[in-house]
Chemist: 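Quick one: the structure is below, and I'll ask about it shortly.
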2 protein chains.
Amino acid sequence: MTITTSACPSGDERVVLFGLLLETNARLSRSLGVELEAACDLPLAWFEVLLQLRKVPEGRLKMNQIADAIVHSSGGTTRLIDRIEEAGYVTREHCPSDRRAIYVAISANGNQKLDEALNVHLDYLEDNLAKRLDDQERRTLTTLLKKLNSSAKPS
Amino acid sequence: MTITTSACPSGDERVVLFGLLLETNARLSRSLGVELEAACDLPLAWFEVLLQLRKVPEGRLKMNQIADAIVHSSGGTTRLIDRIEEAGYVTREHCPSDRRAIYVAISANGNQKLDEALNVHLDYLEDNLAKRLDDQERRTLTTLLKKLNSSAKPS
DNA sequence: GACAAGTAGTTGTATATGCAACTATAATGA
DNA sequence: TCATTATAGTTGCATATACAACTACTTGTC
């Protein structure tokens, strides 16, 4: 019995695209993670959480909102927030209107750390995004990723 | 001391783009992983390895080539290949010209499993890529990701 | 109001992965 | 040739995460 490799659609244009997406993401997030860790002693996942918290004017989100935003499981998010809280970058606050829910709020230390990390991040992006893609290309990429992303949300 | 949130570059166009890349990837790979696992009982990481092996005509790669292709650490790759080998989808072969090196070769079962998985993957891509982006957009995205990716390789 | 069903978050447990130390082999060069 | 340095892969250990079961609370229905 020969291994025919059959119709072998591994060269399919969509398969290639998807593989590229995985690879690009893996390389970029790994190298950013290394830099953040080295320069700020801040894991990438923590950075993502702090960034999400800064995005909203109140500076706080519920556990499940964070879990959704960073695409983690509920249990994983609990543990992640445990660690970030222990480091003093966020605090848990009770939600008055729903006693099941918990707000996670960024602290002063968290904001300071995030500023630090954003400097590293911006340098990184300058080297790895801006150097490779011009304004127009970045805008196009943003648009395309948004299209791709919105679809996958409700699953 | 007020929490000024400082210059707050979290809305920076590049930061947004990077966040989008992380999020898109996380959502897509998670949902593909769930489908592959459900339909073929094949973890996404295994699928990635098998796909890399099929990409090359010989159907085999050295450990470090695999590690690089799928962006894993060397130790992580050893363990990953251990599991895939135990499942019978790949085999380890000695390299005659370098006795330190090990070839990992896809087996007949591995090829069969990969065909199965590719069917799922192609359906998935049809739903999640092709439905959202037309041919032109996919080509553009591919080009942009390639540019982005080539840069990050040597690190 | 009370019971059923749904939702928010946590915890036990299993697993996957990275890092650093290690072994074995190869390449370099004095 | 032998010693040094570099490389390929594996292993011990620590950690991060997912899944499923659980508790506590809320919402909907009668």
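Worth saying up front: this structure is predicted, and the values here are computed from it rather than measured. Chain naming here is simple, since letters A, B, ... match the order of the sequence lines and numbering starts at 1 in each.
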Chemist: If you compare all heavy atoms of B/Asn25 against all heavy atoms of A/Leu21, which two are closest, and at what distance to 0.1 Å?
Modeler: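 Scanning both residues, the minimum pair turns out to be OD1-O, 3.4 Å.
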Chemist: Any side-chain N or O of A/Arg99 below 4.0 angstrom from OP1/OP2 of D/dC25?
Modeler: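 A/Arg99 to D/dC25 OP1/OP2: side-chain N or O found under 4.0 Å.
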Chemist: Can you name the residues that form a side-chain contact (heavy atoms from CB on, under 4.5 Å) with B/Glu126, not counting sequence neighbours?
Modeler: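 In terms of side-chain contact (heavy atoms from CB on, under 4.5 Å), with neighbours along the sequence ignored, B/Glu126 is linked to A/Arg14, B/Ala130.
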Chemist: Any side-chain to backbone donor/acceptor pair from A/Arg54 onto A/Asn111? Under 3.5 Å, distance only.
Modeler: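 At least one qualifying donor-acceptor pair exists.
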Chemist: With 3.5 Å as the limit, what N/O pairs link the protein to nucleotides 2-4 of chain D?
Modeler:
none

Chemist: Any chance you could measure B/Leu118, atom CG, to B/Asp123, atom CG, to the nearest 0.5 Å?
Modeler: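 Answer for the CG-CG pair, B/Leu118 versus B/Asp123, is 11.0 Å.
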Chemist: Report yes if a donor N or O on one partner sits less than 3.5 Å from an acceptor N or O on the other, where the partners are the side chain of A/Arg100 and the base of D/dT26; otherwise report no.
Modeler: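 Check fails, no donor-acceptor contact within cut-off.
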Chemist: Scan the side chains in residues 70-79 of chain B for donor-acceptor partners under 3.5 Å anywhere in the protein, sequence neighbours excluded, and list what turns up.
Modeler:
from    : atom 1 : to      : atom 2 : distance (Å)
B/Ser73 : OG     : B/Gly76 : N      : 3.0
B/Thr77 : OG1    : B/Ser73 : O      : 2.7
B/Thr78 : OG1    : B/Ser74 : O      : 3.4

Chemist: Can you list, pair by pair, the side-chain donor-acceptor contacts under 3.5 Å of residues 36-48 of chain B, counting residues two or more places apart and other chains?
Modeler:
none

Chemist: So, does B/Glu137 use its side chain to make a donor-acceptor pair with the main chain of B/Asp134 at under 3.5 Å?
Modeler: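 Judged by distance alone, yes, a pair lies under 3.5 Å.
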Chemist: Can a donor-acceptor pair be found between the side chains of A/Ser31 and A/Tyr124 at a distance below 3.5 Å?
Modeler: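 On atom types as modelled, these side chains qualify, holding a pair under 3.5 Å.
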Chemist: Mind running a 4.0 Å heavy-atom check of residues 76-97 of chain A against DNA chain C and sending the residues that fall below it, in number order?
Modeler: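 Contacts with DNA chain C under 4.0 Å: A/Thr78, A/Arg79, A/Arg92.
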Chemist: Taking any atom closer than 4.0 angstrom to a non-hydrogen atom of chain B, what span of DNA chain C does the protein reach, first nucleotide to last?
Modeler: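 Under 4.0 Å from chain B, the extent on DNA chain C is C/dA16 to C/dA26.
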Chemist: Reading DNA chain D from 5' onward, which residue's closest nucleotide shows up sooner: A/Pro43 or A/Gly75?
Modeler: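 The residue mapped nearer the 5' terminus is A/Pro43.
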Chemist: Has the side chain of B/Arg138 got a donor or acceptor atom that lies under 3.5 Å from a matching backbone atom of B/Leu133?
Modeler: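 A pair under 3.5 Å: yes.
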Chemist: Does a nitrogen or oxygen in the side chain of B/Asn64 sit under 4.0 Å from OP1 or OP2 of D/dT7?
Modeler: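 Looking at the OP1 and OP2 atoms of D/dT7, neither is under 4.0 Å from any side-chain N or O of B/Asn64.
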